[in-house]
Amino acid sequence: ARPRIMCTADSIHTHAPCTREVKEIRVQPGEGVIARVLASATAWSRIVLAPGLYTESSSILVSQSGLQIVAETKHASKIVAVMQSTEPLFRIESNDVLVSGVVIEDGRQLACEIQSACISIEQRCNVRVERCNVSAKYGTGIQVELGASPTIADCVVHDCISGIVVRGHSNATVSGTFVTKCRSSCITSLDAARGIFTNNMLFEAGDACIWAKGTSSPRFSNNKIGIGACGVICDDQTTAKLEENELTTPHTNGIQVGSDANPTVARNTIAESAGSGIVIFGRARGAFVGNSIAGCKLTCISVRDDAEPTVIGNTIRNGAGSGVVVVGRAGGVFQNNEVAGHACAGVAVAGEASGLYDGNTIKGNGVYGVLVQASGAGLFQANEIEGNPTGVAVGGTAGPTLHGNLIRDGASVGLLVQEQAGGEYRENKISGYTATNVLLDGACTALVRDNVISDGAGGGVLAKGACAATLRGNRIAGNGRANVALMEGANMRVEGNTIQHGKGRGVVCMGRARGVVLSNSVRSHACEGLLVTGEARPTVRGNLIGESAGPGIVLEERAGGEYADNVLQDNAEGGVKLNLQSKLKAGPAVHRNTVTETEEGRPGQSAGAGEHYVRIVNPASASAGPCNTVTVGCLLSPAAAPHVTSRRDASAEAPKQQPSQVDMPSHVGRGQATTLRKEGGTNMKCGPVAVASSSRAGPAMASGHVGVQAEVGLWHTREQLFAQVA
């Protein structure tokens with residue numbers, strides 16, 4: 001048995017305690033009873049409804065101030081509309097009215113499209129509706145309009161088209177109310193309405209559990225929202241506030257913001273969306289701060305069209321798609337968010353979208369940390385991008401700017417720029433990737449400058465395809481393979497970089513790579529400082545290449561290009577090694593280089609006196625360039641070549657082919673001398689490089705390292721010619 005409720009003006013009408021004497025009227029169930037009682041009731045009357053069914057065939061007008069309509073027993077008194085007009089069942093037009101504990105049911109099915117309402121609260125009324133059970137199968141449960149400011153508390157509103165609608169300049173307060181099974185929306189705020197909606201449960205809506213439209217500015221806080229097409233829709237120019245709500249049960253999109261809406265969405269929990277957690281489109285803006293968004297089946301935050309939201313301090317995790325997707329012409333500010341554990345990308349930018357992405361933590365995503373494609377742009381700065389297979393991938397014709405990011409520790413590539421993408425990538429730290437830290441592919445034109453690119457299990461920077469990127473001012477160090485590699489038809493400019501301490505080679509050019517390698521410091525590599533192979537033809541100028549465990553420069557196979565004004569210092573196997581194929585149409589031009597060795601660099605080695613000038617020019621070239629310089633003793637060893645004589649009296653017939661000529665004047669240093677001479681009026685021919693001595697006094701012989709090694713492609717014995725640097 002339910003307890004009987006003894007109602008008083010003070011205990012029921014709690015929002016405005018009454019000091020007036022209230023007349024009590026007790027009413028028994030019947031047809032049209034309530035309308036007749038109210039027609040004759042005076043102000044400040046309390047109408048107590050006995051349990052039972054009350055049917056009303058006309059609208060019930062509450063026009064006297066201070067009226068109270070209360071059920072003797074909660075939900076035991078049921079009022080049912082049986083009329084056919086479009087008028088509300090209850091129309092409240094006066095102040096200080098209370099409706100409490102009553103079941104109000106409007107089952108009218110009208111022929112017209114106009115919706116009826118169970119309760120309509122109008123004018124600037126101070127009204128309280130509490131503990132009621134309201135349903136309107138073909139209309140609105142509770143409608144607030146014309147500037148009314150009611151309180152609706154602890155009610156159940158269900159099986160309506162719209163549960164609660166607040167319109168005009170009204171200002172409703174709704175708390176503790178369960179609104180469910182609405183074919184359109186549970187709560188709708190229209191026009192310039194305001195209001196506070198807190199601690200409600202809003203479930204099962206066909207369109208949205210909350211729908212804010214017009215220029216309304218409601219505040220929704222601490223509500224539980226779910227099971228609907230959308231949890232919340234913000235439309236038109238609303239400035240709604242959504243704070244600390246929980247959207248955790250099934251819904252398509254959690255919060256959907258469109259048109260010119262500018263809401264504040266803060267500290268909400270959004271989980272398990274069948275679509276996206278938050279969708280922002282049209283010209284919407286809004287502040288999205290401190291929300292937790294997780295487990296969405298598409299994207300956690302989707303921004304499109306011309307929207308420009310501010311997204312700060314959110315936790316965005318474990319989506320089945322991507323974390324944040326920005327497309328169309330959208331932009332905005334995305335700052336200090338944690339974006340982690342998504343199946344595809346942490347952040348994806350496409351179309352013509354841009355935006356500022358600052359200070360975010362983007363980690364542990366399934367494919368990409370950041371993906372920018374199509375014509376996407378944007379500034380990405382001070383982000384921590386960690387533990388993603390590919391840290392940042394840029395494709396299409398995209399052109400983002402990456403500045404000051406930490407990109408580290410992935411199974412594939414740290415920075416991938418491909419297709420026709422451009423952009424600027426500066427002052428980032430990129431490290432710890434298994435394949436390569438930076439991959440520049442396709443016809444990309446990226447500017448990669450002033451970064452630290454280090455400690456990758458694979459290479460440092462790899463350029464391939466028709467890459468025309470620029471690599472400038474970077475520190476590239478400690479990578480497992482080549483610190484810099486140009487492959488296929490890459491035509492990258494490598495300028496002013498510090499390339500050092502590699503576990504493989506310093507710089508590799510292979511395939512049909514071109515490019516310019518200019519003014520770099522290439523030091524302390526486990527293999528060669530520079531390897532050029534295949535049919536690569538780079539221009540290599542003004543570099544310092546030193547302290548390599550192999551030669552400074554190795555040119556092999558069908559390599560070409562120009563190598564000038566470089567300093568080759570303290571390389572373990574000398575300055576330049578040539579191992580080229582014969583019958584080249586255009587071989588390499590190596591000139592104006594300086595090969596040096598310091599006593600500090602070679603403890604225990606003896607340095608030769610004076611200078612030795614070496615000139616190496618492709619024989620197909622019409623002109624011979626200036627001389628190379630070796631600043632310590634140099635050994636030229638014929639290695640028993642058939643046409644070379646030495647103090648060991650090695651001699652042989654002259655080669656059959658007519659060679660090209662290159663002069664190599666020398667100054668005699670310490671040690672045993674070796675002489676190269678002409679045979680039969682011809683010069684020696686050594687594959688693509690012809691070398692001859694202009695002096696019968698050869699260069700100084702001393703123990704040292706290979707300076708130039710040329711494989712003799714046209715000699716039957718394929719002997720080698722060495723110039724060794726002490």
Taking [Y]'s backbone N and O only, do any of them form a donor-acceptor pair with [X]'s side chain (distance below 3.5 Å, no angle check)?
X	Y	result
N388	I362	yes
D441	Q418	no
N314	F288	yes
N428	L402	yes
H158	V156	no
N520	V494	yes
N318	G295	no
H342	I316	yes

N-O pairing of [X] and [Y] below 4.0 Å:
X	Y	result
E338	R317	yes
K181	D159	no
R449	E427	no
E308	R285	no
R329	E352	no
R426	E424	yes

List the steps, then state whether side-chain contact (heavy atoms from CB on, under 4.5 Å) holds for I499 with V507.
CA-CA 8 Å; I499 304 169; V507 179; 3.9 Å; yes
Of N497, N405, N437, N474, which meets side-chain hydrogen bond (donor to acceptor under 3.5 Å, both in side chains) against N451?
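The residue from N497, N405, N437, N474 that satisfies side-chain hydrogen bond (donor to acceptor under 3.5 Å, both in side chains) with N451 turns out to be N474.
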Check the orientation of F380 and Y357. Use parallel for under 30°, tilted for 30 to 60°, and perpendicular for over 60°.
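Because their plane-to-plane angle is under 30°, the rings of F380 and Y357 count as parallel.
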Taking the side chain as C-beta and beyond, is there a heavy-atom pair between L462 and V438 under 4.5 Å?
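A side-chain contact is absent here, since even the closest heavy-atom pair is not under 4.5 Å.
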Y425 and its side chain to side chain contact (heavy atoms under 4.5 Å, CB included) partner, picked from D450, L471, V448:
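For Y425, the side chain to side chain contact (heavy atoms under 4.5 Å, CB included) test succeeds with only one of D450, L471, V448, which is V448.
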With a 3.5 Å cut-off and no angle check, do the side chains of S273 and S276 form a donor-acceptor pair?
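The answer is no; no qualifying pair exists.
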Does a donor on one side chain and an acceptor on the other come within less than 3.5 Å for S184 and D207?
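S184 vs D207: donor-acceptor pair found between side chains.
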I301 vs I293, side-chain contact (heavy atoms from CB on, under 4.5 Å): CA-CA, chis, key distance, verdict:
CA-CA 8 Å; I301 297 181; I293 308 159; 3.7 Å; yes
